Amino acid sequence: MSVLVSRRDFLKASAMLGGGMVLEFCLPVTSTAAGGAAASEVNAWIVIHPDDRVVIRIARSEMGQGTFTALAQLVAEELDCDWARVSAEFASPNEHIRRDRVWGSMSTGGSMGVRSSQDYVRRAGASAREMLVAAAAARWQVPVAECTAADGVVAHAPSGRKLRYGQLAADAARLTPPKEVTLRDPAAWKIAGKSVQRLDIPDKVLGKPVFGVDVMLPGMLHASIAQCPVFGGKVLSVDAGAAAKMRGVRKIVREESFVAVVADSWWRADEALRRVAVEWDLGGNGHASNETIAAMLREGLADRQLPQARKLGDAPAAMATAAKVVEAEYRSPYLNHATLEPQTCTAWLKPEGFLEVWTSTQNGEASMAAAAEAAGLPLEKVEVHKMMLGGGFGRRGGPQDFVRQGVAIARAMPGIPVKMMWSRAEDMQHGFYRPASMVRMRAGLDAQGNLVAMHTTIACPSILKVLMPGVLSKDGIDFTAVRSFTDMPYAVPNQQVDYAMRNGHVPVGFWRAPGQQNAFYRESFIDELATAVGRDALEYRLAMLKPGDKNRLVLEAVATAAAWGSPLPAGVHRGLAVADGFGSFTAMVAEVSVGPGGQPRVLRIVVAIDSGHVVNPDTCRAQAESNVVFGLGSILYQENNVKAGRIVESNFHDFRLPRLSEMPRVETVLVPSGGFWGGHGEPAILPLAPAVCNALFAATGQRIRSLPLKHHDLRAPV
Amino acid sequence: MLELMVNGRTYPVDVEPEMPLLWVLRDHLGLPGTKYGCGVSICGACTVHLDGEAVRSCTLPVSAVLGKQIVTIEGLSMAGLHRVQQAWIDHQVPQCGYCQTGMIMAATALLAKTAQPSDDDIDRTMTNLCRCGTYSRVRAAMHALAAGSSAPDTGKT
């Protein structure tokens with residue numbers, strides 16, 4: 001691995017900063033140049049030091065979800081090394097390209113980190129183990145079959161000889177990897193499947209500079225940027241006025257779509273930026289508003305020529321003969337990711353024509369491609385240093401807007417590293433939002449109240465249309481806009497799902513569990529149907545789920561754990577929902593109360609998750625807690641309103657996050673049934689909103705068909 | 001030239017008196033453990049100790065802290081981990097970790113004053129925002145500390 005910041009530069013930087021933190025992240029852990037005896041790369045994933053330290057390279061990003069540790073566990077499991085000697089580092093995107101994408105996908109989204117790389121990372125571990133065993137057998141001149149490996153040691157039982165991995169790694173690295181390896185049965189796991197402590201936490205509690213915004217480089221400058229408040233607008237003119245002469249200001253950068261100030265500290269850059277007068281060409285969207293967006297979606301619902309995302313049986317015909325028809329319309333607002341670390345990128349265009357970028361990214365390879373394009377350099381001339389993310393939630397994968405901006409600023413300051421960070425307001429108003437959407441559901445029930453026909457029409461902007469157009473179906477169906485309806489687990493003989501793609505000017509993106517609003521619609525509506533025919537919410541769902549369906553199993557598990565149907569204390573009410581997605585099956589029971597002033601309070605969440613296998617149970621529980629808090633903010637408070645073409649909200653006063661005092665008790669029941677690999681970063685958000693709103697219906701009799709709750713008066717009727 | 005006392009050392013800094021302490025720490029003293037989250041004293045990612053009190057440094061002009069002892073996450077413990085940091089590891093509190101340095105500074109200040117905070121004390125004082133959802137573990141870690149240990153009270157698999 002190449003050392004792209006020299007040790008001399010690094011020491012210089014530390015000295016310059018007057019005894020501050022050192023730039024540990026600049027030095028690859030495995031670099032032999034960093035001193036000490038040479039470490040050996042047994043394969044791309046595994047580097048073993050002579051003293052038995054094992055460094056595992058991780059291609060996916062770490063944004064809090066725990067993938068950095070879980071993938072290392074899987075590699076270490078098959079390698080069968082001593083977990084106490086394991087550390088992890090990010091694989092270099094530049095090296096990834098030069099080595100023919102040896103680390104597979106670097107994209108980190110869709111709760112895919114573990115489930116879509118588990119096979120090849122486990123093979124890498126197993127392959128390295130076999131190479132270490134072969135190296136030992138060769139040294140001892142004994143048959144490989146007589147040697148075994150465990151806990152970082154290869155042993156030859158007949159002679160009682162042993163060698164540590166650190167003593168074998170150099171030999172092993174020269175061997176040809178085996179063609180076939182056998183992976184361990186998860187039932188025999190020793191490292192995977194256990195709640196080992198996360199590898200990234202010690203640095204994080206010490207405040208070490210691990211995040212994108214923490215980068216410090218010799219002579220580095222800082223930048224704050226302003227983009228056109230109306231999406232799609234452009235810079236018309238810039239009057240820097242006194243800003244250019246303010247203390248510490250080095251440059252006013254004007255680009256087509258933004259203005260940036262570069263200064264010797266971020267605060268000075270931002271102060272000066274506020275004094276730069278920018279005239280914007282607002283483009284054609286200066287009149288867009290909540291009302292125009294609602295009208296656009298409503299027109300979509302009224303369209304009679306929509307493509308069908310699903311057709312089973314004949315829903316309209318079955319509806320015509322149904323004993324009872326229930327219809328409801330639901331909607332959701334745009335939502336920002338609001339990662340606590342704002343978007344950031346540090347870029348350094350070096351005199352020799354090499355570009356280095358440090359950024360908090362969900363996709364190192366995409367960042368490198370964006371940087372290369374923005375710099376006009378071939379990929380080989382670009383390196384991206386993947387930093388820990390101060391939250392991701394889907395914001396930092398597809399768009400890479402922040403990388404292009406960082407590189408554009410660096411081009412204006414050749415030879416000088418510049419760290420760009422967005423202000424909170426910039427971050428709130430220039431996101432890639434969870435789409436606003438509107439849905440109409442019609443259900444046909446037979447005389448017994450059974451659901452025999454369901455016809456759903458969804459009006460929703462398409463995330464894929466802009467960010468991944470190749471993934472749209474040929475009829476223009478965006479699967480993220482129709483999920484939970486097109487793959488509804490309930491046995492309903494007649495189903496139709498129509499999709500109205502209606503794209504406003506507000507950029508949309510992958511917000512944690514993209515399409516999760518559909519689970520809110522569907523599972524609330526199923527509750528409406530159960531209520532309409534006087535049946536229990538659990539029994540009504542179970543009656544529509546085939547035996548063995550995993551949705552059914554998690555529903556039963558959560559019902560048991562939450563004692564569904566048992567008496568509750570006065571003023572406490574329950575709701576229930578189930579949803580599958582991101583490879584896992586999740587069912588949830590929410591317990592809520594409503595204060596005398598109508599204040600909703602979520603007291604307890606019980607969630608059952610079947611992800612097939614579980615690599616780190618404690619991290620999986622943490623992700624369930626995370627989904628509850630992330631979702632709770634959107635249920636109680638959050639929305640991004642549009643007025644005069646721009647986002648109204650600007651900070652956490654008008655885009656509230658729940659505080660510690662609002663945190664419900666979360667009880668996570670992991671029920672891995674084996675045989676498949678599901679995700680954990682997103683699934684638990686799916687049933688949250690409907691479980692909470694179904695509980696609020698039980699509490700108040702009010703059916704919540706739009707969020708956030710702050711717009712609903714939940715007081716008991718006088 | 002202003003003189004700041006940070007983590008037991010005196011630093012001369014040549015900055016505007018109105019520059020918020022956060023930016024002096026991050027960009028002039030090279031102490032990036034203290035974080036920017038909102039810039040308006042809502043989120044608490046910028047929490048440091050000022051003469052032992054937890055304060056939000058993003059709106060605190062540097063001129064207001066002269067002669068006062070400032071402690072940042074980097075100086076919380078001069079030898080190894082502070083027991084609050086250890087509890088944060090034992091309870092596996094951080095997820096992304098961005099808010100956690102501020103969260104730890106807030107918790108440390110509360111525990112220094114109130115060794116056994118009630119849930120109410122924790123609710124009222126721990127107003128730092130966490131986007132990942134570490135709140136239950138923050139509470140559990142603080143209760144464990146109040147009970148004199150850092151470790152979780154139940155074994156986990």
Side-chain angles (χ1 to χ4, degrees), chain A residues 16-21 63-66 194-195 197-198 200-202 204-211 213-214 216 222 247 264-268 338-342 388-393 421 423-424 617-619 622 625-630 651-653 657-661 663 665-666, chain B residues 9 11 15-16 19-20 22-24 26-40 42-43 45 72-74 76-77 81-82 84-86 88-90 92-101 104 122-124 126-139 156-157:
Chain A
M16 182 196 71
L17 290 163
M21 301 299 292
M63 46 191 157
Q65 84 281 31
K194 310 293 179 213
S195 292
Q197 293 197 337
R198 284 172 49 160
D200 54 331
I201 284 184
K204 288 177 175 176
V205 301
L206 284 164
K208 289 200 176 178
V210 298
F211 299 102
V213 295
D214 295 342
M216 293 180 288
H222 301 259
R247 187 168 175 193
D264 60 2
S265 83
W266 188 81
W267 183 79
R268 285 173 177 160
T339 57
L340 208 53
E341 176 190 43
M388 292 285 171
L389 284 67
F393 316 116
M421 186 189 81
S423 67
R424 175 55 55 195
D618 188 55
T619 302
E625 292 155 25
S626 181
N627 275 292
V628 167
V629 178
F630 198 84
N651 209 316
F652 296 127
H653 66 289
L657 312 189
R659 290 183 190 270
L660 183 146
S661 58
M663 177 79 194
R665 195 162 93 232
V666 178
Chain B
R9 281 179 58 177
Y11 292 88
V15 299
E16 301 84 324
M19 184 183 286
L22 170 65
W23 298 107
V24 181
R26 286 186 61 81
D27 292 351
H28 293 267
L29 299 184
L31 295 168
T34 308
K35 298 291 189 271
Y36 166 86
C38 67
V40 292
I42 296 176
C43 79
T72 71
I73 188 75
E74 290 92 345
L76 187 60
S77 169
L81 290 165
H82 187 281
V84 173
Q85 289 168 318
Q86 185 61 54
W88 252 237
I89 293 174
D90 293 343
Q92 294 285 288
V93 174
Q95 289 184 27
C96 90
Y98 191 79
C99 72
Q100 293 299 328
T101 50
I104 288 169
I122 294 172
D123 282 351
R124 270 187 289 105
M126 298 298 293
T127 55
N128 301 48
L129 297 180
C130 170
R131 185 67 164 141
C132 295
T134 61
Y135 295 135
S136 331
R137 289 165 189 245
V138 167
R139 188 192 299 281
K156 287 182 180 167
T157 47

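Note that this is a predicted model, so its numbers are computed, not measured.
For a residue to count as touching a neighbouring chain, one of its non-hydrogen atoms must lie under 4.5 Å from one of that chain's; by this rule A:Met388 does not touch chain B. Neither the backbone nor the side chain of A:Arg665 comes within less than 4.5 Å of any heavy atom of chain B. At a 4.5 Å heavy-atom cutoff, B:Val84 makes no contact with chain A through either its backbone or its side chain. Looking at A:Ser423, both its backbone and its side chain come within 4.5 Å of chain B, counting heavy atoms on both sides. For B:Gln86, no part sits under 4.5 Å from any heavy atom of chain A, backbone or side chain.
In this structure, B:Tyr36 contributes its side chain and A:Met421 its backbone to no donor-acceptor pair below 3.5 Å. Between the side chain of A:Lys204 and the backbone N or O of B:Gln95, at least one donor-acceptor pair lies under 3.5 Å. Proximity of a side-chain donor or acceptor of B:Arg26 to a complementary backbone N or O of A:Val213 within less than 3.5 Å is detected.
Residues A:Glu625 and B:Ser136 bring no donor and acceptor atom of their side chains to less than 3.5 Å of each other.
Looking at heavy atoms from C-beta onward, B:Val40 lies out of side-chain contact with A:His653 at the 4.5 angstrom threshold. Side chains of A:Ile201 and B:Gln100 form no contact here, defined as non-hydrogen atoms less than 4.5 Å apart. At a threshold of 4.5 Å between non-hydrogen side-chain atoms, the residues A:Glu341 and B:Cys96 do not count as touching.
Chain A forms more heavy-atom pairs under 4.5 Å with one residue of B:Cys130, B:Gly97, B:Cys43, B:Pro94 than with any other, namely B:Pro94. Interface check for chain A: of the options B:Arg139, B:Glu16, B:Lys35, the most heavy-atom pairs under 4.5 Å are formed by B:Glu16. The residue among A:Gly392, A:Gly391, A:Ala338 with the most heavy atom pairs within less than 4.5 Å of chain B is A:Ala338. Chosen from A:Gly66, A:Pro342, A:Ala622, A:Gly390, the residue pairing most often with chain B at heavy-atom distances under 4.5 Å is A:Ala622. Counting heavy-atom pairs closer than 4.5 Å to chain A, the top-ranked of the candidates B:Cys132, B:Ala45, B:Cys99 is B:Cys132.
For the residue pair B:Met19 and A:Ser265, the shortest heavy atom distance occurs at CE-OG, 3.9 Å. For the residue pair A:Trp267 and B:Asp27, the shortest heavy atom distance occurs at N-OD2, 4.4 Å. Shortest non-hydrogen contact noted between A:Arg198 and B:Gln92 is N-OE1, 2.7 Å. Of all heavy-atom pairs between A:Pro658 and B:Tyr135, the closest is O-OH, 2.6 Å. Closest approach of B:Met126 to A:Leu660, counting heavy atoms only: O-CB, 3.7 Å. In plain terms, the two heavy atoms of B:Leu129 and A:Leu340 that are nearest each other are O-CD2, 3.5 Å.
A:Phe211 and B:Tyr98 have perpendicular rings, their planes meeting at more than 60° on a 0 to 90° scale where under 30° would count as parallel.
Ion pair B:Asp123/A:Arg659 not flagged as a salt bridge, since none of the NZ, NE, NH1 or NH2 atoms sits closer than 4.0 Å to an Asp/Glu carboxylate oxygen.
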One pair to check against side chain to side chain contact (heavy atoms under 4.5 Å, CB included): A:Leu206 and B:Gln85. What are the steps and the verdict?
CA-CA 7 Å; A:Leu206 284 164; B:Gln85 289 168 318; 3.9 Å; yes
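Atom CD1 of B:Ile122 sits about 14.0 Å away from atom CE of A:Met663, to the nearest 0.5 Å. Annotation: the span from B:Arg137 atom CZ to A:Asp618 atom CG amounts to 4.0 Å, rounded to 0.5 Å. Here the CG-OG1 distance, from A:Asp214 to B:Thr34, works out to 10.0 Å after rounding to the nearest 0.5 Å. Residue A:Met216 holds its CE atom at 8.0 Å from CG of B:Leu31, rounded to the nearest 0.5 Å.
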